[in-house]
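Below: the structure, in structure tokens.
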Number of protein chains: 2
Amino acid sequence: MSDSAPLDGRQQRGRDTRALIVDAAMAQFAESGYRASSLRDIAARAGMTHPGVLYHFPTKEALLMAVLQRRDDEGKKRHPVLGHLGREALAGMARAAAHNETQGAMVELYAVLSAEATGRDHPAHDYFVARYESLLATVTEAYTVARDAGGLRDGVEPDVAAPQLIALMDGLQVQWLMGTLPRSMARIVADHLNTQLVEPLP
Amino acid sequence: MSDSAPLDGRQQRGRDTRALIVDAAMAQFAESGYRASSLRDIAARAGMTHPGVLYHFPTKEALLMAVLQRRDDEGKKRHPVLGHLGREALAGMARAAAHNETQGAMVELYAVLSAEATGRDHPAHDYFVARYESLLATVTEAYTVARDAGGLRDGVEPDVAAPQLIALMDGLQVQWLMGTLPRSMARIVADHLNTQLVEPLP
DNA sequence: CCAGTAACTTACCACGCGGTAAGAATCTTG
DNA sequence: CAAGATTCTTACCGCGTGGTAAGTTACTGG
């Protein structure tokens, strides 16, 4: 809403390097977590010096927030809303797991950061709390809609199934990153959902 | 096997402070992860200065290994072997989840470290790979034994169910630490197992 | 073509890090 | 009680960190 102006040339250039820096920061945070990543590492990846980065983002923390913000924006472009879609939304979670298997850096970023941000003093703590709450609400709604449509087996409770599914996906990512997962994430998620759904997923 | 000697007074004192330091390191690593924890922080918790810590543990990395080693020893005292016990071993996993709910610091340690150790250059990487492989083998065996005893529902495959259960427990811990888990970990794990077992758990 | 601004770089700062060296204190044993 | 080892402290080192100040380059609009 702030960019109502038609952005001339230099504004465009600014945005471009901003995006480049966010790319670099994303990769670096994913590799080493937030605290262990240095602005110099990130700047080198973006082909500049570290005060160059600080020209665009006033602090390291602001850069982290920009990284998280952008991933959210991309996510919302890929699957808008989806909570009310019920069964189809759950199928979308399985597809998301498959998609994640091609996005190692992003997966690593969230796995490392969500664990790091567990501490109340971490700069991204509030962000992740909000994210989990929102995700939980969405998935719970999806299960509820699916159940009301008669798509869930008996005994599957949305309030239990939702945190279960989220936990399953998070935990799988760690094993997958560790290289000890003997099957694909998508397969395991689909199998899990198939124990809950009346009609199995493809 | 190295402490066959009857350890006299001074050896005992050394062991005591060693244990005190490991306690402090455990708490600090849990709060901030390995990389973000300083030897000075740890030393302060143990009531000494940081070279005092380095007298007992030659490097920060050695201290980390001692922390992990001790947790392993304690764990093996709590539940020895257990893979071959089948259904009873799976029930033990649910009880472990309940136990973990009283061990916030330990849970945080493993959640934070396992994510951090995902990177191949992390000092605890090999440790966690070995741990996951061993855990996977144990849980897979437990499911297999349970199935051969006719205790599993149709369609529950040990090779899928094992990484599923491990992932579920890991993921639940993150949500629990984040404070966004709407139910107890033990309840959710038990519900999961009850969709797989012929005879429900208590 | 020149003024001005956006986009950087170089140089620096104070600080905290892991680790080392050397000495002081404490304790055990002959 | 003296000898000797164990345990810990004080003081230091080089290095990398996030952040700042000031100057340089490059481009754009008038």
Side-chain angles (χ1 to χ4, degrees), chain A residues 2-3 5-26 28-29 31-67 113 116 119 121-124, chain B residues 2-3 5-26 28-29 31-67 113 116 119 121-124:
Chain A
S2 63
D3 52 333
L7 57 84
D8 56 4
R10 40 191 178 188
Q11 276 174 339
Q12 184 54 44
R13 176 173 184 87
R15 296 213 168 198
D16 286 352
T17 45
R18 248 184 87 100
L20 205 97
I21 292 170
V22 171
D23 277 342
M26 207 151 53
Q28 191 61 43
F29 288 158
E31 264 189 38
S32 313
Y34 170 70
R35 297 200 238 235
S37 295
S38 82
L39 289 175
R40 284 167 177 85
D41 292 342
I42 293 165
R45 268 184 203 256
M48 25 189 313
T49 58
H50 87 276
V53 170
L54 287 168
Y55 171 78
H56 293 278
F57 302 91
T59 70
K60 188 187 176 188
E61 190 176 327
L63 177 55
L64 170 63
M65 290 313 180
V67 167
L113 278 190
E116 206 180 359
D121 59 330
H122 195 283
Chain B
S2 62
D3 51 333
L7 57 84
D8 57 4
R10 42 191 176 191
Q11 277 172 339
Q12 185 52 45
R13 178 165 197 87
R15 296 214 168 197
D16 286 352
T17 44
R18 249 184 86 98
L20 205 97
I21 292 170
V22 171
D23 278 343
M26 207 151 54
Q28 190 62 42
F29 288 157
E31 263 189 39
S32 312
Y34 171 70
R35 297 200 238 236
S37 295
S38 82
L39 289 174
R40 285 166 176 86
D41 292 342
I42 294 165
R45 269 185 203 254
M48 25 187 316
T49 59
H50 88 275
V53 170
L54 287 168
Y55 170 79
H56 293 278
F57 302 92
T59 69
K60 187 187 175 188
E61 191 176 326
L63 177 55
L64 170 62
M65 290 312 179
V67 168
L113 278 191
E116 206 181 359
D121 59 329
H122 195 282

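Everything quoted here is computed from the prediction, not taken from an experiment. Note that these values count all heavy atoms, side chains included, but never hydrogens, waters or copies made by symmetry.
The side chain of B/P51 sits closest to C/dT20 out of C/dC8, C/dA11, C/dT20. Side-chain atoms of B/L54 lie closest to C/dT20 of the nucleotides C/dT20, D/dT7, C/dT10. Out of D/dT9, D/dC8, C/dG18, the shortest distance to the side chain of B/K60 is found at C/dG18. Looking at the side chain of A/Y55, the nearest of the listed nucleotides C/dA6, C/dG18, D/dA21 is C/dA6. Side-chain proximity of B/T17 to C/dC8, D/dC8, D/dA11: nearest is D/dC8. Between C/dC17, C/dG19, C/dC8, one nucleotide has an atom nearer to the side chain of B/D41 than all others, and that is C/dC17. Of the candidates C/dG18, C/dT10, D/dT9, the closest approach to any side-chain atom of B/S38 belongs to C/dG18.
Taken to the nearest 0.5 Å, the CG atom of B/L20 stands 9.5 Å off from the NE2 atom of B/H56. Remark: A/S38 OG to A/H50 NE2 distance equals 8.5 Å, nearest 0.5 Å.
In this structure, B/R15 places its CZ atom 11 Å from P of D/dT7, rounding to the nearest Å. If you measure from atom CZ of B/R40 to atom P of C/dC15, you get 14 Å, rounded to the nearest angstrom. Whole-Å rounding puts the B/L20 CG to D/dC8 C1' distance at 14 Å. If you measure from atom CD1 of A/I42 to atom P of C/dC8, you get 16 Å, rounded to the nearest angstrom. When rounded to the nearest whole Å, the span between CZ of B/R13 and P of D/dT6 equals 15 Å. Summarising the geometry, the separation between OH on B/Y34 and P on C/dC17 is reported as 14 Å, rounded to the nearest angstrom. Between the NE2 atom of B/H50 and the C1' atom of D/dT9 there is a distance of 11 Å, given to the nearest Å. A/R35 has its CZ atom 15 Å from the C1' atom of C/dG16, to the nearest Å.
For A/R45 and A/E31, the salt-bridge test passes: some basic side-chain N is under 4.0 Å from an acidic carboxylate O.
Not a single side-chain hydrogen bond (donor to acceptor under 3.5 Å, both in side chains) links A/D121 to another residue, sequence neighbours left out.
Among the atoms of the strands shown, only primed sugar atoms or phosphate atoms (P, OP1, OP2) are found under 4.0 Å from some heavy atom of B/H56. Counting any heavy atom pair closer than 4.0 Å across all strands shown, A/T49 reaches a base atom.
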(message) I'd like to know whether A/E116 forms a side chain to side chain contact (heavy atoms under 4.5 Å, CB included) with A/R35, so could you lay out the CA-CA distance, the side-chain angles of the two residues, the decisive distance to 0.1 Å, and finally the verdict.
(response) CA-CA 9 Å; A/E116 206 180 359; A/R35 297 200 238 235; 3.0 Å; yes
